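All remarks here apply to the structure that follows.
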Amino acid sequence: MSLNLTTHENGEVTILDASGKLTLGEGTSSLRTKIREMVESGSRRIVLNMNGVTYMDSSGLGELVASHTTVTRAGGEIKLLNLAKGVDDLLKLTKLYTVFETYEDEASVVDSFSVAK
Amino acid sequence: MNHNEFPWFKTAMAVAAGVATLLLVDNFFMYRYVTDRFVRYEGLQQAVTEVHSLESQLRREHVDTLDNLQRVLTARLQDRNEEIAWMIVIAASGQVQASSGIMEPHALPSADRIRAVIERGESDSTLRDASRRRILIALLPMKRHFQPQPPLGTPGGGSVVEVGLYLQPVESIVNPLGRNLLISTLAAFLLLTSIIVSLLRMPGYVRGRMLENQVHLARSVQRRLLPETAAGGIEFAGECLPADEVGGDFFDVFRTNAGETVLVLADISGKGLPAAIRMGVVHGAIRALSLAKEDSGIACMAERLNDQLRDENSREFVTLFWAFYNPKRHDLLYVNAGHLPPLLVASMSGEPRRLETGGPVLGLLPKARYQEECINLDGDATLIAYSDGLLEATSPAGEEFGESRLLPVVRGSMRQSAQEVLRHVMEEADRFMEGGRAHDDLTVLIAKLTREPTTPSQPAP
């Protein structure tokens, strides 16, 4: 099973719903392509909803950080929503959680963007 | 790659391909031959029967004029246009005496052929592909004679019948033969296809095998890079089991000129050859940095390493546990870059301490900051560092090995040598996986940190 990506808008925020496995190969490359497309089409406030991501390997983690770099470099922001325990543990272990703001519900992540502005 | 390799294989393949082609060609001619022979024979038999039947009818009904002959012929062929295309009675002179049926355009038999049939009493047949089906055109002698034709035996006497018969397909006549031909043709065709596929895939296969050999060599190189037991001046034991032939995990133990023992355990993200190649780079960088260690500490060394490994589009990273043990001061200075916290068991308390101080994984974040920690040890201590292959080693039941399973092994092994502790950890991991293979590289390093007896002339600074 690969990674399934769909987007929906909530105000000025684009929410990217991911489900499946974020692993080396199809998973990482489809996330990379999607993020690039979103940035090119002008999205600057992006939330990656990881609710359906059941498994992530080290390449997936690397891709997550690369997505952050891509969005930040374009002057945007990417935040994470609904991390599964395994994914959350991996972010904590690798001490990469400082890179991302993480949230547990869509309303508060969307609010966080408007507060910042 | 040299494409002239395995000449025996290519020769054998070429021979097999030749045989298969021969078989296909032979099948084709066999089919044509059998079709012709059987179908022609069957058709001729039918034509002979037809002419005999006609002649007996003519005899029975005393038909001896051409008008009556035409009537009989027309009647006979009525409702039989599925079997018989046409029948023509031709006099020895070549003149058509009567005819019936749907005639396919063709030339009437020459006078020579007619004479040959009449004089020798033989039949003569040809096959042709007509608009509807294949047709057998048979020329047969006729004994009956009609007014005002000279009788048979006299010059210019006698007639022949030309019968055009629609042929049955050969399969309906010799069914098993048709099946046999079909199967052998199919077999020859498949054989030829598989040979061609094998030949086309051969170079890729050979390349794959050569690459496999290279990887095998790389594995032994990687194994030789692991430190020997005598290195570093302390007692230690380690194991590094790549999930594939080669992996991105490594550990190292060596002594600096300042008399400190460096303990390293790192995990390069990814698996296999790409991870192994990057591992070589990381290993070398760590050694170089370790040997050039300055008093400014190791956190800044981790920062420098991070900068070295990072590039704009990094997706790969390294988790690293990097420690300097000073046997004289009996302290351990370490930095942990996003690696699973190693366990430090001091024999005084027996309770393991997790070595977590440090920062994020190396090679991903620009300007990542690291912290170091220095632990002053009281008595002897055992350090257990491992890569996530051990924690994520999956059991057939799907659960993960987990630190909780590691702790009892480690606590219970305090009075054992490093080698024994390692053996117990590996046994436990093995038992847990029940002989299955680790999904990730699995690396364990056990080190005994024992105070070096200090002489009065070398007081600890």
Side-chain angles (χ1 to χ4, degrees), chain A residues 1 3 18 21-36 39-40 48 53-80 83-102, chain B residues 243-244 247-249 266-272 274-275 278 302 306 309-321 335-342 354 356-371 386-389 391-392 394 398-400 402-403 439-441:
Chain A
M1 191 184 72
L3 191 70
K21 286 181 178 175
L22 183 49
T23 50
L24 180 65
E26 254 184 81
T28 52
S29 62
S30 56
L31 178 64
R32 187 179 317 165
T33 314
K34 189 75 190 178
I35 291 285
R36 202 175 296 152
V39 168
E40 277 166 12
L48 179 57
V53 176
T54 48
Y55 182 74
M56 181 170 87
D57 65 0
S58 61
S59 300
L61 187 63
E63 197 56 52
L64 219 53
V65 176
S67 301
H68 180 267
T69 313
T70 308
V71 177
T72 313
R73 210 183 288 157
E77 258 191 295
I78 184 167
K79 302 183 181 187
L80 303 182
L83 298 186
K85 192 183 176 299
V87 175
D88 196 40
D89 285 350
L90 200 54
L91 278 176
K92 288 206 171 85
L93 175 71
T94 52
K95 300 197 179 86
L96 289 169
Y97 58 88
T98 51
V99 175
F100 298 101
E101 280 182 43
T102 60
Chain B
D244 301 321
D249 276 14
D267 183 352
I268 282 83
S269 69
K271 282 179 206 170
R278 294 179 48 252
N306 180 60
L309 297 177
R310 211 189 80 81
D311 69 59
E312 282 299 291
N313 299 305
S314 303
R315 283 174 174 81
E316 310 297 339
F317 55 87
V318 179
T319 74
L320 168 72
F321 174 74
V335 61
N336 182 341
H339 194 81
L340 278 165
R354 303 166 95 238
E356 294 177 286
T357 307
V361 295
L362 298 162
L364 274 186
L365 306 180
K367 301 188 198 85
R369 289 287 160 257
Y370 295 85
Q371 290 174 318
Y386 52 96
S387 75
D388 60 354
L391 280 191
E392 283 177 11
T394 319
E399 55 173 326
E400 287 179 358
E403 202 180 78
H439 286 210
D440 200 352
D441 305 339

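Residue numbers begin at 1 in each chain, while the letters A, B, ... track the order of the sequences. These numbers come from a predicted model, not from an experiment.
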Enter the distance from [X]:[atom1] to [Y]:[atom2] here, rounded to the nearest 0.5 Å.
X	Y	atom1	atom2	result
A:K95	B:R369	NZ	CZ	16.0 Å
B:R315	A:L24	CZ	CG	11.5 Å
A:S58	B:D267	OG	CG	7.0 Å

Answer key: most heavy-atom pairs under 4.5 Å with chain A among B:P366, B:S269, B:G359, B:G363 is B:G359

Cut-off 4.5 Å, heavy atoms of chain B, and the answer for A:L93 is both

Taking every heavy atom of B:P360 against every heavy atom of A:L96, the minimum-distance pair comes out as CB-CD2, 4.1 Å

For this session: Would you indicate whether A:F100, at its atom CZ, is surrounded by more than 12 heavy atoms from other residues, nucleotides or ligands within a distance under 6.0 Å?
Result: yes

- prompt: So do the side chains of A:V65 and B:F317 get within less than 4.5 Å of each other, counting heavy atoms only?
  reply: no

Counting heavy-atom pairs under 4.5 angstrom with chain B, the leader among A:T69, A:T28, A:L61 is A:L61

